[in-house]
A.B. asks: 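For reference, the structure I am asking about is given below.
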Amino acid sequence: MTTIASASDLSMPSTTKDCSSSKRLRVAFAGTPEFAAVSLEALISQQEALNIDIVAVYTQPDRKAGRGQKLSASAVKQVALAHDIAVEQPLTFKKSSSEGLIARETLRSYQPDVMIVAAYGLILPIGVLTTPTYGCLNIHASLLPRWRGAAPIHRALLAGDSETGITIMQMDKGLDTGDMLYKVSAPIEADDTAASLHDKMAELGATAIITVLQDLPHYQAQAVPQDDSQANYAEKLVKTEGEINWTQSATEIERQIRGLTPWPGAYSFLAGQRVKILASLPVNPSQQTNQPAGTVISVGRKAILVACGHDSNIDNGVEKPQASTLAITQLQFAGGKPMTAEQICHGNQLNDGDQFTADSK
């Protein structure tokens, strides 16, 4: 029976080939943000050990960024330029456009044996996926088939998953539906945010793709199809997901804060003014209240206690809903800087009995 590498197994199989006796693998790399740049840096540093040549890097066109709205190169482009690697930035690969046809021909001219793709942000048509000899491999930040799609790290946190990981996948025409070559998992810690988990997955992704490239034919021969019946989708984030509904349980809101840090960020309203909720403590099931949802119960030096909706509580096998509380440790008022609970406690911007609301009305 064909299997994928176990969740924590980073060892190589006994069938590992001697890369030094074979021709160097020509690698094209496609990615855009920092998540992808970490893998590119790792591959560049391991070119000799892996017996590969990175012949071209594909990334999104430069975008305007910052207050000055100046054109800014992607993290991947910056890495490529620093190592004198050719950079391509096509707008499309669609064969219905002249630019897409040129982009395809340019890719063919590099004669890639394999293309490594990580958070590229551009759809690769089947004609592109089949151009490299060994096809295109995707570094995906989830344990497929769970969390296919654009925001797997955030969705894992929002859902309260206990673990996530990296899947190296053979790309096909579907959305993260290709056969799985290698999977490695990592626990999601109680204090993980989307930012911290992103960094962990970026490093894990770099390790995983290096592992696969050490013996690509072996991993492709052992590829496992995904079980589509177990698939779910990590929809792209939108800003409005940051708005806190205080009638939800403290557990759900605490996940929302961590899962949306740093973007789009969790927020609420106080006297019509937006307040960013930056951090909170893990939920304490023993802290209950009969205050209305959104009420500031107490402003303390260690935390600001706010009433939330009901969490499930099992008592002698019977589920008993209880009003939960959230302990906020850091927030930011409109126009101000991030403040700790202690700083807020010494000020007068927040008082016991104040009411957070779901909108500015």
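Residue indices begin at 1 and follow the sequence shown.
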A.B. asks: Taking D62 first and then K77, would you say they form a salt bridge - that is, a charged N and a carboxylate O separated by under 4.0 Å?
C.D. replies: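 Looking at D62 and K77, the cut-off is met.
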A.B. asks: Would Q256 and I244 satisfy side-chain contact (heavy atoms from CB on, under 4.5 Å), going step by step from the backbone distance to the final call?
C.D. replies: CA-CA 8 Å; Q256 181 182 10; I244 293 174; 3.8 Å; yes
A.B. asks: Quick one, Y58 and L107 - any side-chain contact, counting heavy atoms below 4.5 Å?
C.D. replies: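 Yes, side chains in contact.
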A.B. asks: Looking only at heavy atoms, which two atoms of P33 and A119 are closest? And how far apart?
C.D. replies: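 Here P33 and A119 meet closest at CD-O, 3.0 Å.
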A.B. asks: Is there side-chain contact between I54 and L40, with at least one heavy-atom pair below 4.5 Å?
C.D. replies: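 Side chain of I54 against side chain of L40, heavy atoms only: contact under 4.5 Å found.
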A.B. asks: From the options I209, V224, V212, select the one residue that forms a side-chain contact (heavy atoms from CB on, under 4.5 Å) with L181.
C.D. replies: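 That would be V212; it is the only one of I209, V224, V212 passing the side-chain contact (heavy atoms from CB on, under 4.5 Å) with L181.
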A.B. asks: Taking atom types as modelled and ignoring hydrogens, do the side chains of Q111 and R108 form a donor-acceptor contact shorter than 3.5 angstrom?
C.D. replies: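 No donor-acceptor contact under 3.5 Å links the two side chains.
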A.B. asks: So, D161 and R155, do they make that salt bridge, N to O below 4.0 Å?
C.D. replies: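 Between R155 and D161 there is no salt bridge, as every charged N stays at least 4.0 Å from the carboxylate O atoms.
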A.B. asks: Looking only at the side chains, is there a donor atom on one of E88 and Y110 sitting less than 3.5 Å from an acceptor on the other?
C.D. replies: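 Yes, a side-chain donor-acceptor pair sits under 3.5 Å.
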A.B. asks: Of all the heavy-atom pairs spanning H154 and A194, show the shortest one and how long it is.
C.D. replies: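 Looking at all heavy atoms of both residues, the closest pair is CD2-CB, 3.5 Å.
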A.B. asks: Do we see a donor-acceptor contact under 3.5 Å between the side chains of D172 and T177?
C.D. replies: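 Result is yes, a qualifying pair exists.
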A.B. asks: When you group the ILVMFWY residues by side-chain heavy-atom contacts below 4.5 Å and let the links chain together, are V275 and I304 in the same group?
C.D. replies: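 Both belong to a single hydrophobic cluster.
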A.B. asks: How long is the gap from CD1 on I277 to CG on L260, to the nearest 0.5 Å?
C.D. replies: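 Here the rounded value is 12.5 Å.
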A.B. asks: Would you check if S249 and C308 make a side-chain contact, meaning some heavy-atom pair closer than 4.5 Å?
C.D. replies: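 No - every pair of side-chain heavy atoms lies 4.5 Å or more apart.
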A.B. asks: Just verifying a value: how many Å separate Y233 OH and D176 CG, rounded to the nearest 0.5 Å?
C.D. replies: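 CG of D176 is found 8.0 Å from OH of Y233.
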A.B. asks: Hey, could you give me the NZ/CG distance between K200 and D192, rounded to the nearest 0.5 Å?
C.D. replies: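 It is 3.5 Å, given to the nearest 0.5 Å.
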A.B. asks: Fit a plane to each ring of W246 and F356, take the angle between them on a 0 to 90° scale, and name the class: parallel (under 30°), tilted (30 to 60°) or perpendicular (over 60°).
C.D. replies: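 It falls in the parallel class, under 30°.
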A.B. asks: Taking all non-hydrogen atoms of both residues into account, name the closest pair between A293 and Q355 and its distance.
C.D. replies: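 Heavy atoms of A293 and Q355 come nearest at O-NE2, 2.7 Å.
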A.B. asks: Applying side-chain contact (heavy atoms from CB on, under 4.5 Å), run through Y120 and F29 and close with a yes or a no.
C.D. replies: CA-CA 9 Å; Y120 181 25; F29 185 93; over 6 Å; no
A.B. asks: For a quick test of reading the model, state the closest non-hydrogen atom pair linking M115 to L124 and the distance between them.
C.D. replies: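 In terms of heavy atoms, the two residues are closest at SD-CD1, 4.1 Å.
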A.B. asks: What are the two closest non-hydrogen atoms of I328 and A341, and how far apart are they?
C.D. replies: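 For I328 and A341, the tightest heavy-atom pair comes out as O-CB, 4.0 Å.
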A.B. asks: By salt bridge (Lys or Arg N to Asp or Glu O under 4.0 Å), which residues pair with D53, not counting sequence neighbours?
C.D. replies: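 Result, salt bridge (Lys or Arg N to Asp or Glu O under 4.0 Å) vs D53: R24.
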A.B. asks: Roughly how far apart are E34 CD and E41 CD, rounded to 0.5 Å?
C.D. replies: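 That separation rounds to 8.5 Å.
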A.B. asks: Determine, step by step, whether M169 and M171 satisfy the side-chain contact (heavy atoms from CB on, under 4.5 Å) criterion, reporting the C-alpha distance in whole Å, the side-chain angles of both residues, the deciding distance to 0.1 Å, and the verdict.
C.D. replies: CA-CA 6 Å; M169 174 193 67; M171 296 178 69; 4.1 Å; yes
A.B. asks: Hey, are T164 and S142 close enough side-chain-wise for a donor-acceptor pair under 3.5 Å?
C.D. replies: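 Result is no, nothing qualifies.
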A.B. asks: So, taking the atom named CD1 in I257 and the one named CG in L281, what distance separates them when rounded to the nearest 0.5 Å?
C.D. replies: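 Reported to 0.5 Å precision, the distance equals 10.0 Å.
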A.B. asks: Ion pair present between E252 and R255, side-chain N to carboxylate O less than 4.0 angstrom?
C.D. replies: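 The answer is no: the pair does not qualify as a salt bridge.
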A.B. asks: Could you tell me which non-hydrogen atom of L204 sits nearest to which non-hydrogen atom of G165, and how far apart they are?
C.D. replies: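 Heavy atoms only, the tightest pair is CD2-CA, 4.3 Å.
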A.B. asks: For a side-chain contact (heavy atoms from CB on, under 4.5 Å) check, start with the C-alpha distance between F93 and L122, then their side-chain angles and the critical distance, and finish with the verdict.
C.D. replies: CA-CA 8 Å; F93 282 100; L122 199 64; 3.8 Å; yes
A.B. asks: When rounded to the nearest 0.5 angstrom, what is the spacing between CG in L157 and NE2 in H198?
C.D. replies: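 One finds 12.5 Å between CG of L157 and NE2 of H198.
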A.B. asks: I'd like to know if D113 and K23 make a salt bridge, using a cut-off of under 4.0 Å between side-chain N and carboxylate O.
C.D. replies: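 Between K23 and D113 there is a salt bridge, with a charged N closer than 4.0 Å to a carboxylate O.
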A.B. asks: Do Q89 and T59 have a side chain donor and acceptor closer than 3.5 Å?
C.D. replies: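 The answer is no; no qualifying pair exists.
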A.B. asks: How about P217 and D215: do any of their side-chain heavy atoms sit closer than 4.5 Å?
C.D. replies: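 Answer yes - side chains close enough.
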